[in-house]
Amino acid sequence: MKVPPGILSPYRLLVVLRLVFLSLFLSWRVRNPNLDAPWLWGLSIVSEIWFAFSWLLDQLPKLNPINRAADLVALREKFETASPSNPLGRSDLPGLDVFISTADPEKEPPLVTGNTILSILATEYPVEKLSLYISDDGAALLTFEAMSETAAFARVWVPFCRKHNIEPRNPDSYFAIKRDPTKNKKLPDFVKDRRWIKREYDEFKVRINGLPDTIRRRSDALNARERKLARERSGGSEANAASSGAETKPAVTGTWMADATHWPGTWKVPSPDHSKGDHAGIVQVMIKTPHHDPLYGAPGEHPYLDFTGIDTRLPMFVYVSREKRPGYDHNKKAGAMNALVRASAILSNGPFILNFDCDHYIYNCMAIREGMCYMMDRGGDRVCYVQFPQRFEGIDPSDRYANHNTVFFDGNMRALDGLQGPMYVGTGCLFRRYALYGFPPPRANEYLGLYGQNKRPAPPPRVATSMDADDPSGPSLDVDPDLCAPVKFGNSTMFANSIPVAEYQGRPLADHPGIKNGRPPGALLVPRLPLDAPTVAEAVSVISCWYVFSISTPSPLLLNKLPSSWKHFIEHLGGLGKRYEDNTEWGQRVGWIYGSVTEDVVTGYRMHNRGWRSVYCITKRDAFRGTAPINLTDRLHQVLRWATGSVEIFFSRNNALLATTRLKFLQRIAYLNVGVYPFTSIFLVTYCFLPALSLFSGSFIVQTLNVTFLVYLLLITITLTLLSLLEVKWSGIGLEEWWRNEQFWVVGGTSAHLAAVVQGLLKVIAGIEISFTLTSKSANDDEEDVYAELYVIKWTSLFIPPLTIIVVNLVAMAIGLSRTLYSEIPQWSKLLGGFFFSFWVLAHMYPFAKGLMGRRGRTPTIIWVWSGILAITVSLLWVSISPPDNSTPSSGGIEI
């Protein structure tokens, strides 16, 4: 659905008008230098030209915003209604694999992760088609046992949600709702069921929160037993062993599982083969593959809950921790996600993948179905992913640091949906598995000309030859690598066999002449085979550092039915290998892309670069919700990570200037802006100091505040204001949200973005790697004040630039006012100009200053110390640069 022309047409007109006014203004500024202060004029004009360029990069992709709406009734009628091809009315929807990633149970509380898992297990999608995987990249026993507890509690929570149509299906969020829980609940036993399940959830929380102590006490007891047995084997005591000359092997301090066996993952006391960077691969099926037919509860089956007529099946749930060994680059989150892709292809092979961070849960149980509408729609075979907006809980009502980021999610992303599609932003994204494997779409277009005005169908993808497959450098570079079909997936034949199956099952139904690449109705009604030991062993192999052999061989029947290109790479994948990802294209063209801290943006860019398109799915009820850091320090470090990734993108082959002709012109501009925006910080910091420099020097960026300058300034301001009002209108964001975003753009631009540019240049020029700490996920343990974290001041060097800007502008305003008041010929126009722009800077810095004040103005001492040092330094520096004029004798005045 298009945005109404009554809003969009004036919006586009204002963009053109503002561009004309900016061009005329900058032209006038260049032709009218300030001869009194040429350095001030030069700095300002360079910054203004860059700001105009940056505004243009941000504004052009917003020219075609659209709105979408999914038809869930049509989806149900098409895929889950009885028909000649589906006489029993079973679900013909494709399979879906859901990924959750976690790494550190201390920073990502297992209770938060468990609630996320419960919301997914209870979502409204066919149980037999849904599989859930959690990647524990820290291989922590605490996470493993918490997931086991979660799987046990799910056996009562999920049927309870289905019986009473609970929303949301995250128990922590559901029980925190303040409204009447009995509203719209018709079953008479709801109150009794809710009271019992609430008591069960409270006990579940106690068990989860008590796991660290349980594991510690269990491990201490078993380690003491092992030490005792070691002493007995050595002759009763260490002294006896020493006198006999026997060598005693010290007992290891291990971490023990509930069955009294050593945990194969990370131990509390790290040791060889049991540390975060050195442990075995683990695949544990927590909940087995569900039966193909519904299993309804019977009366008396549960002592307290009546699940009669309720489907009690649960989706398959698998715990995965990939193998890690020293000396091997495991590629952080991207490597963990690729390990999940391979393991899931062996175990369930859902043609679609939905990924979440551990603190993002399903808030709307129908959201997945809405996303699937776009994948299964006519032309859906060209959609690589469906991105959902990120919504957050636990943010202060004023949203001081623009954590909701609604300008980006409801403005920029909605506008990109009218081009080639939104960017991938890390979580809440529904992928087509085949596109994630690096293959081009079945149909694509090329956009030729200066601004892509000439469109033509793209030629078929280049099929790699045996020479390319055997060449360790990959396919030849006579064409862009993104336009070649990948062939190097590793040595697992079972994985190779799964690729064409996933591609076929992900096609829309061929029930209309307009569908060119479909599958027949009823093709996905076959029951899924239960898992066996060889299949699980193969899943362990594909997440291991060392792949020994291939479990299965290609089926001759399958090979005969496949095109020659499919036969080639399946045959190529057989054989022996070393490290599984060695000599493969994982992380290069296949799966999540390696080499950037913002692997999400790069992965989405590569898909668009191949000609795929994406879709933005905004549901009426929020699809997913999560948490965001509300503390100033954590928020700035989060922005620093994003900005550093953007700088890496700019200096890599993922720069949009090097994109293929399959990327639309305005989509290319949007991706170019992703790599360019951190560099605006250089000019922004300069411009924030210009008002102070004007007040210090008594000059201004223009010779005089004449009518021409003021008229241009007024026109540019009016057009910007009208543009903002119309953007608020078509995007649905509020004016306060827009203003908060503007404020934090200045705060982040003068701190995190500037540091990102420095770090990015250091990595490119000097090869200095960048490391980032994991953002802590809040468990909301402080019930007295849920926003307590907002007032915590954690000093960081990122505070120095914006704090310096505030202090320097305040000192400059005092000096400028004093000079004008005691001047023989006061220059009030220059003072007003400097005051106005200093006030503009300080108004944008208000959230930062308020954050430094802490709770009720209890500012940490270090803030006062830094402010005092800066104020004294700036004052003394200016006195030394521009000393007072002593040539005129003072009469009764005070000279400094």
Who are the side chain to side chain donor-acceptor pair (under 3.5 Å) partners of [X], not counting sequence neighbours?
X      : result
Ser838 : Asn809
Lys455 : none
Asn412 : Asp58

For the pair Glu727 and Tyr11, evaluate side chain to side chain donor-acceptor pair (under 3.5 Å) and give the outcome as yes or no after the intermediate values.
-> CA-CA 8 Å; Glu727 191 168 321; Tyr11 182 76; 3.1 Å; yes

To the nearest 0.5 Å, what is the distance between [atom1] on [X] and [atom2] on [Y]?
X      : Y      : atom1 : atom2 : result
Arg29  : Thr708 : CZ    : OG1   : 12.5 Å
Leu693 : Ile701 : CG    : CD1   : 12.0 Å
Thr660 : Tyr447 : OG1   : OH    : 10.5 Å
Ser731 : Arg414 : OG    : CZ    : 6.5 Å
Glu599 : Tyr594 : CD    : OH    : 10.5 Å

Begin with the C-alpha distance, continue with both residues' side-chain angles, and end with the deciding distance and a verdict on side-chain contact (heavy atoms from CB on, under 4.5 Å) for Tyr401 and Asn631.
-> CA-CA 9 Å; Tyr401 306 126; Asn631 178 267; over 6 Å; no

Return a table of donor-acceptor pairs under 3.5 angstrom between the side chains of residues 387-399 and protein atoms on other chains or two or more places apart.
{"unit_1": "Gln387", "atom_1": "OE1", "unit_2": "Val425", "atom_2": "N", "d": "3.2"}
{"unit_1": "Gln387", "atom_1": "NE2", "unit_2": "Thr427", "atom_2": "O", "d": "3.0"}
{"unit_1": "Gln387", "atom_1": "NE2", "unit_2": "Gly428", "atom_2": "O", "d": "3.2"}
{"unit_1": "Gln390", "atom_1": "NE2", "unit_2": "Val425", "atom_2": "O", "d": "3.0"}
{"unit_1": "Arg391", "atom_1": "NH1", "unit_2": "Asp410", "atom_2": "OD1", "d": "3.2"}
{"unit_1": "Arg391", "atom_1": "NH2", "unit_2": "Asp410", "atom_2": "OD1", "d": "2.9"}
{"unit_1": "Glu393", "atom_1": "OE1", "unit_2": "Tyr361", "atom_2": "OH", "d": "3.2"}
{"unit_1": "Glu393", "atom_1": "OE2", "unit_2": "Tyr361", "atom_2": "OH", "d": "2.6"}
{"unit_1": "Glu393", "atom_1": "OE2", "unit_2": "Arg625", "atom_2": "NH1", "d": "3.3"}
{"unit_1": "Asp396", "atom_1": "OD2", "unit_2": "Ser398", "atom_2": "OG", "d": "3.0"}
{"unit_1": "Asp396", "atom_1": "OD2", "unit_2": "Asp399", "atom_2": "N", "d": "3.1"}
{"unit_1": "Asp396", "atom_1": "OD2", "unit_2": "Arg400", "atom_2": "N", "d": "3.0"}
{"unit_1": "Asp399", "atom_1": "OD1", "unit_2": "Ala402", "atom_2": "N", "d": "3.4"}
{"unit_1": "Asp399", "atom_1": "OD1", "unit_2": "Asn403", "atom_2": "N", "d": "2.7"}
{"unit_1": "Asp399", "atom_1": "OD2", "unit_2": "His404", "atom_2": "N", "d": "3.4"}

When you measure from the side chain of [X] to the backbone of [Y], do you find a donor-acceptor pair of N or O atoms at a distance under 3.5 Å?
X      : Y      : value
Ser614 : Pro422 : yes
Ser54  : Trp50  : no
Asp417 : Tyr616 : yes
Ser27  : Leu24  : no
Ser44  : Trp41  : yes
Gln667 : Gln420 : yes
Ser47  : Leu43  : yes
Glu737 : Gly734 : yes

Using a strict cut-off of less than 4.0 Å between a Lys/Arg side-chain nitrogen and an Asp/Glu carboxylate oxygen, indicate whether Lys333 and Asp600 qualify as a salt bridge.
->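 Between Asp600 and Lys333 there is no salt bridge, as every charged N stays at least 4.0 Å from the carboxylate O atoms.
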
Report the residues that fulfil side-chain contact (heavy atoms from CB on, under 4.5 Å) with [X], sequence neighbours left out, ordered by chain and then residue number.
X      : answer
Ala659 : Tyr605, Asn609, Leu663, Arg668
Pro38  : none
Phe836 : none
Phe650 : Asn655, Val676, Phe679

Arg635: salt bridge (Lys or Arg N to Asp or Glu O under 4.0 Å) partners, not counting sequence neighbours =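 Scan of Arg635 (salt bridge (Lys or Arg N to Asp or Glu O under 4.0 Å), adjacent residues dropped) gives none.
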
Residues passing the salt bridge (Lys or Arg N to Asp or Glu O under 4.0 Å) test with Arg18, sequence neighbours excluded, are none

Relative to the ring of Trp28, is the ring of Tyr712 parallel (under 30°), tilted (30 to 60°) or perpendicular (over 60°)?
-> tilted

Below 6.0 angstrom between ring centroids: does that apply to Trp840 and His844?
->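 Under 6.0 Å, so yes.
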
Is the distance between the ring centroids of Tyr424 and His608 under 6.0 Å?
->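 No.
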
Looking at residues at least two apart in the chain, or sitting in another chain, which of them share a ring pair (Phe, Tyr, Trp, His ring centres under 6.0 Å) with Phe51?
->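 Applying ring pair (Phe, Tyr, Trp, His ring centres under 6.0 Å) to Phe51 gives Tyr687.
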
Begin with the C-alpha distance, continue with both residues' side-chain angles, and end with the deciding distance and a verdict on side-chain contact (heavy atoms from CB on, under 4.5 Å) for Asn32 and Gln703.
-> CA-CA 8 Å; Asn32 293 270; Gln703 190 86 21; over 6 Å; no

Does the side chain to side chain donor-acceptor pair (under 3.5 Å) test come out yes or no for Thr598 and Arg641, once each step is laid out?
-> CA-CA 8 Å; Thr598 50; Arg641 179 182 178 276; over 6 Å; no

Report the C-alpha distance between Ile815 and Phe696 in whole Å, list the side-chain angles of each, state the deciding distance to 0.1 Å, and finish with yes or no for side-chain contact (heavy atoms from CB on, under 4.5 Å).
-> CA-CA 7 Å; Ile815 291 177; Phe696 281 139; 3.2 Å; yes

May I have the step-by-step check of side chain to side chain donor-acceptor pair (under 3.5 Å) for Arg662 and Asn445, ending in yes or no?
-> CA-CA 6 Å; Arg662 296 189 181 186; Asn445 295 317; over 6 Å; no

CA sep, side-chain torsions, deciding dist, call: Leu852, Phe799, side-chain contact (heavy atoms from CB on, under 4.5 Å) = CA-CA 9 Å; Leu852 293 184; Phe799 287 174; 3.9 Å; yes

State whether a side-chain donor-acceptor pair under 3.5 Å links Gln743 with Arg740.
->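 Yes.
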
Which pairs would a plain distance check flag for residues 745-753, meaning a side-chain donor or acceptor within less than 3.5 Å of a matching protein atom at least two apart in sequence or in another chain?
{"unit_1": "Thr750", "atom_1": "OG1", "unit_2": "Val746", "atom_2": "O", "d": "2.9"}
{"unit_1": "Thr750", "atom_1": "OG1", "unit_2": "Val747", "atom_2": "O", "d": "3.1"}
{"unit_1": "Ser751", "atom_1": "OG", "unit_2": "Val747", "atom_2": "O", "d": "2.7"}

